[in-house]
2 protein chains.
Amino acid sequence: MARTRAHNYEDQKESILVGAADMFARKGYLGTSMNDVAEACALSKGSLYHYYRDKDELLISIAENHVTRLVTLVRSVEQDETIPARDRLQVLITRFLIEYSDAQNSHRVLTEDVKYLPEAARQRILDQERVVVKGFADAIAVLRPDVKAAELHKAVAMLLFGMLNWLFTWLRPDGSLTHATIAPLVCELFFNGLGGMREMSKKPKPKSLSATRVKA
Amino acid sequence: MARTRAHNYEDQKESILVGAADMFARKGYLGTSMNDVAEACALSKGSLYHYYRDKDELLISIAENHVTRLVTLVRSVEQDETIPARDRLQVLITRFLIEYSDAQNSHRVLTEDVKYLPEAARQRILDQERVVVKGFADAIAVLRPDVKAAELHKAVAMLLFGMLNWLFTWLRPDGSLTHATIAPLVCELFFNGLGGMREMSKKPKPKSLSATRVKA
DNA sequence: CCTACCGATCGGTAGG
DNA sequence: CCTACCGATCGGTAGG
C-alpha cells in the first residue's frame with residue numbers, strides 16, 4: 001500500500017542536524033566525514049543521504065536555522081515597546097548569551113565553518129548576520145547619539161561580538177563561569193569599562209532594572 | 001662530492017612559512033593541500049618536503065614562531081621599568097595590535113588552526129598562550145586590586161582577547177579602519193566603557209582609573 | 001510504485 | 001628539485 005512520508009521524518013531530519021552540529025563543532029566541517037555524522041546519528045550513510053542531499057546542505061541548514069533565530073531575536077527586542085530604547089543593548093546582550101548557551105554547537109559552526117560554503121549560500125547567511133550587526137549598531141547609536149558615523153557604531157558592535165563569540169574558545173561547559181554568570185560581567189565591562197567596573201564578585205547578582213525582564 | 005646546505009636554506013625555509021601561512025589563513029589548514037602550499041611558494045611538492053617533514057610541521061612552525069613573539073612582547077613590557085605598572089595594559093593592547101597587523105596570517109592560523117595539531121604540539125603552544133593571558137591578567141590586576149579572584153582577571157583578559165582576535169573576521173585590510181586606528185577605540189571602550197566613551201576616533205583621553213567601588 | 005534504509009563500491013584526490 | 005605513484009579515505013550513489 002502507498003506509504004506516506006514517515007510521521008517522524010521531520011523529527012529525524014532535525015535530530016540529524018543536532019548530531020552534525022556536534023561533530024562539526026568538535027572536529028570542524030572539513031575534519032568531519034559524512035561517516036562521522038552518520039555514526040554520531042546512529043544511521044548508515046545511505047540513510048543520511050536520504051534526508052540531506054549533500055554535506056553542504058547540512059552546514060547550510062545548521063547555520064541558517066541558527067542565524068534566523070538570531071535575527072528573530074533582534075527583531076523581537078526592537079519591536080518590544082515595553083523595552084526603553086536605551087535598554088535595548090543590555091537586553092540584546094543578555095538574550096544573546098542565553099541563546100548562545102542553548103545553541104553552542106550551532107553558533108560555533110556559524111562562526112567557524114560558514115566560510116567553507118559555496119559563495120551563494122555563504123552570502124545568504126552573511127546577509128542575515130549583517131542584519132544582526134545592524135540591530136546591535138542601532139542599539140549602540142541610541143546610547144551614543146553624539147557619534148555620527150554609522151561605521152563606528154558597527155565597529156563597536158563588532159568589538160562586542162568579539163567578546164561574545166570568543167567565549168566559545170575559553171568558557172568550559174563544566175567550569176565555574178557560565179554564560180549566565182558572565183553576562184553581567186560583559187555588560188559591566190562594555191557599559192562602564194574597566195575603570196568603572198564595580199566589584200566583580202562571585203555572585204553575579206541579578207541586575208536591578210532591565211535585566212530582570214530578560215527572562216520574559 | 002658532498003654538498004653543503006644551500007646558503008639560502010634558512011631563507012627558503014622562512015619564505016615557505018610565509019606562503020603556507022597565507023594559504024592556511026585563506027582556506028584553513030584542512031582546506032589547504034600540500035600542493036596548494038607548493039604552488040603558493042612556486043615550488044614542487046617534492047621540494048616542499050625537503051624543507052618540512054610534514055604538513056603538521058608547517059603549522060607548528062607558524063604557530064610557535066608567532067606565539068613566541070607574543071610571549072616576548074609581554075615579557076618586554078613587564079620588564080620595562082620606564083612603563084608604570086598601571087600603564088602596562090594600555091601599552092600591551094597597543095603593541096599587540098601593531099604585532100597583529102604585522103602578522104595577520106600567522107595570528108589567524110594561531111587562533112583557528114592549532115586545534116588540528118596532535119595533542120603534544122597543541123599543548124606546547126597552548127602553554128605559551130597561557131603565559132600571554134597571564135601577562136594581561138596581571139596587568140588588569142594592577143588596575144583592579146580590589147578584585148581578588150585571579151579567575152576574574154583572566155576572564156576579563158579573555159573578553160579583551162575576544163575583541164582583539166575577532167578583528168580578523170571583520171577588519172578589511174583595505175578598509176578605512178585599520179589596526180592602528182582601532183587601537184584607541186579598543187582602549188577607550190575597554191577602560192571607560194560605552195557610557196564613558198567620548199568622541200570616538202579621537203585621541204584616547206587620559207584614563208581615570210578610580211578604584212571607586214559603587215555598590216549595587 | 002512509494003519511502004526507508006542497507007551493504008558495497010564508485011571516481012577522484014588527499015598526504016606522503 | 002621533479003615525476004610518478006602508494007595506501008587510505010573522501011563525498012556521494014548504485015542496486016535491491
Side-chain angles (χ1 to χ4, degrees), chain A residues 1-17 19-24 26-63 109 113-119 121-122, chain B residues 1-17 19-21 23-24 26-63 109 113-118 121-122:
Chain A
M1 75 183 177
R3 290 171 61 184
T4 66
R5 175 165 282 183
H7 70 285
N8 62 342
Y9 180 87
E10 289 301 332
D11 289 349
Q12 181 69 289
K13 231 186 141 162
E14 173 57 32
S15 88
I16 288 171
L17 247 33
D22 180 58
M23 289 308 296
F24 293 165
R26 293 220 315 268
K27 308 183 34 169
Y29 181 65
L30 296 182
T32 302
S33 71
M34 287 300 264
N35 273 322
D36 291 335
V37 174
E39 197 176 333
C41 300
L43 246 39
S44 74
K45 196 161 59 161
S47 305
L48 189 53
Y49 277 95
H50 174 67
Y51 294 96
Y52 291 94
R53 184 168 13 89
D54 54 28
K55 203 186 178 188
D56 281 350
E57 201 182 296
L58 281 174
L59 177 49
I60 291 171
S61 297
I62 293 166
V109 169
D113 294 325
V114 164
K115 61 177 170 234
Y116 298 117
L117 244 24
E119 191 57 20
R122 221 184 94 249
Chain B
M1 81 182 174
R3 291 170 58 183
T4 65
R5 178 165 281 183
H7 69 286
N8 61 344
Y9 180 87
E10 290 301 331
D11 290 348
Q12 181 69 288
K13 232 187 138 162
E14 173 58 31
S15 88
I16 289 171
L17 248 32
M23 289 307 297
F24 292 166
R26 293 219 315 268
K27 307 182 35 168
Y29 181 64
L30 295 182
T32 302
S33 71
M34 288 298 264
N35 273 322
D36 290 335
V37 175
E39 197 175 333
C41 299
L43 245 40
S44 73
K45 197 159 59 162
S47 306
L48 190 51
Y49 277 94
H50 174 65
Y51 294 95
Y52 292 93
R53 185 167 14 88
D54 53 29
K55 204 185 180 190
D56 281 350
E57 201 182 297
L58 281 175
L59 176 51
I60 291 171
S61 297
I62 294 166
V109 170
D113 294 325
V114 163
K115 62 177 169 232
Y116 298 117
L117 243 25
R122 222 183 94 249

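All chains are named by letter (A, B, ...) in the order of the sequence lines, taking the proteins before the strands, and each is independently numbered beginning at 1. This structure is a prediction, so every number in the text was calculated from the model and none was measured.
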Side-chain donor or acceptor of A/Asp22 paired with backbone N/O of A/Gly19 under 3.5 Å: no
Rounded off to whole Å, could you give me the CG-to-P distance for the A/Leu59 and D/dG11 pair? 13 Å
Nucleotide of C/dG16, D/dC1, D/dG11 approaching B/Tyr51 most closely (side-chain heavy atoms): D/dC1
Would you say A/His50 reaches C/dC5's phosphate, i.e. side-chain N/O to OP1/OP2 under 4.0 Å? no
Is there a donor-acceptor pair closer than 3.5 Å between any side-chain N or O of B/Tyr51 and the backbone N or O of B/Glu14? no
Between D/dC2 (P) and B/Glu39 (CD): distance, integer Å: 13 Å
Could you measure between the two P atoms, the one in D/dG12 and the one in C/dA8, and give it in whole Å? 22 Å
Spacing between A/Tyr9 atom OH and C/dT3 atom P, to the nearest angstrom: 9 Å
Answer yes or no: is there a side-chain heavy-atom contact under 4.5 Å between B/Tyr49 and B/Met34? yes
B/Ser44 near the nucleic acid: base, sugar-phosphate alone, or nothing, with a heavy-atom cut-off under 4.0 Å? base
Please find the pair of heavy atoms, one from A/Leu30 and one from A/Lys55, that lie closest to each other, and give the distance. CA-NZ, 4.2 Å
What's the OH-C1' distance between A/Tyr29 and D/dG11, to the nearest Å? 9 Å
Can you tell me which nucleotide in C/dA4, C/dC6, C/dG16 comes closest to the side chain of B/Met34? C/dG16
Let me know the distance between NZ of B/Lys55 and P of C/dG15, rounded to the nearest Å. 4 Å
Atom-pair distance (NZ on B/Lys45; C1' on D/dC6), nearest Å: 11 Å
note: B/Asn35, atom CG; D/dC5, atom P; distance rounded to Å ~ 16 Å
Residue-phosphate contact under 4.0 Å: B/Ser47 side-chain N/O, D/dC2 OP1/OP2: yes
For DNA chain D, what dot-bracket results from Watson-Crick or G-U pairs at under 3.5 Å, with [ ] for crossers and | for inter-strand partners? ....||.|.||.|.|.
Taking every non-hydrogen atom, the tightest pair across B/Leu43 and B/Gln12: CD1-NE2, 4.0 Å
Tell me whether A/Tyr52 contacts the main-chain N or O of A/Lys13 through its side chain, where contact means a donor paired with an acceptor under 3.5 Å. yes
Closest non-hydrogen atom pair, A/Lys27 against A/Asp36: NZ-OD2, 3.4 Å
What is the separation between atom CG on B/Leu30 and atom P on C/dT13, rounded to the nearest whole Å? 18 Å
Counting heavy atoms from C-beta on, name the nucleotide in D/dT13, D/dC1, C/dG16 closest to the side chain of A/Tyr49. D/dT13
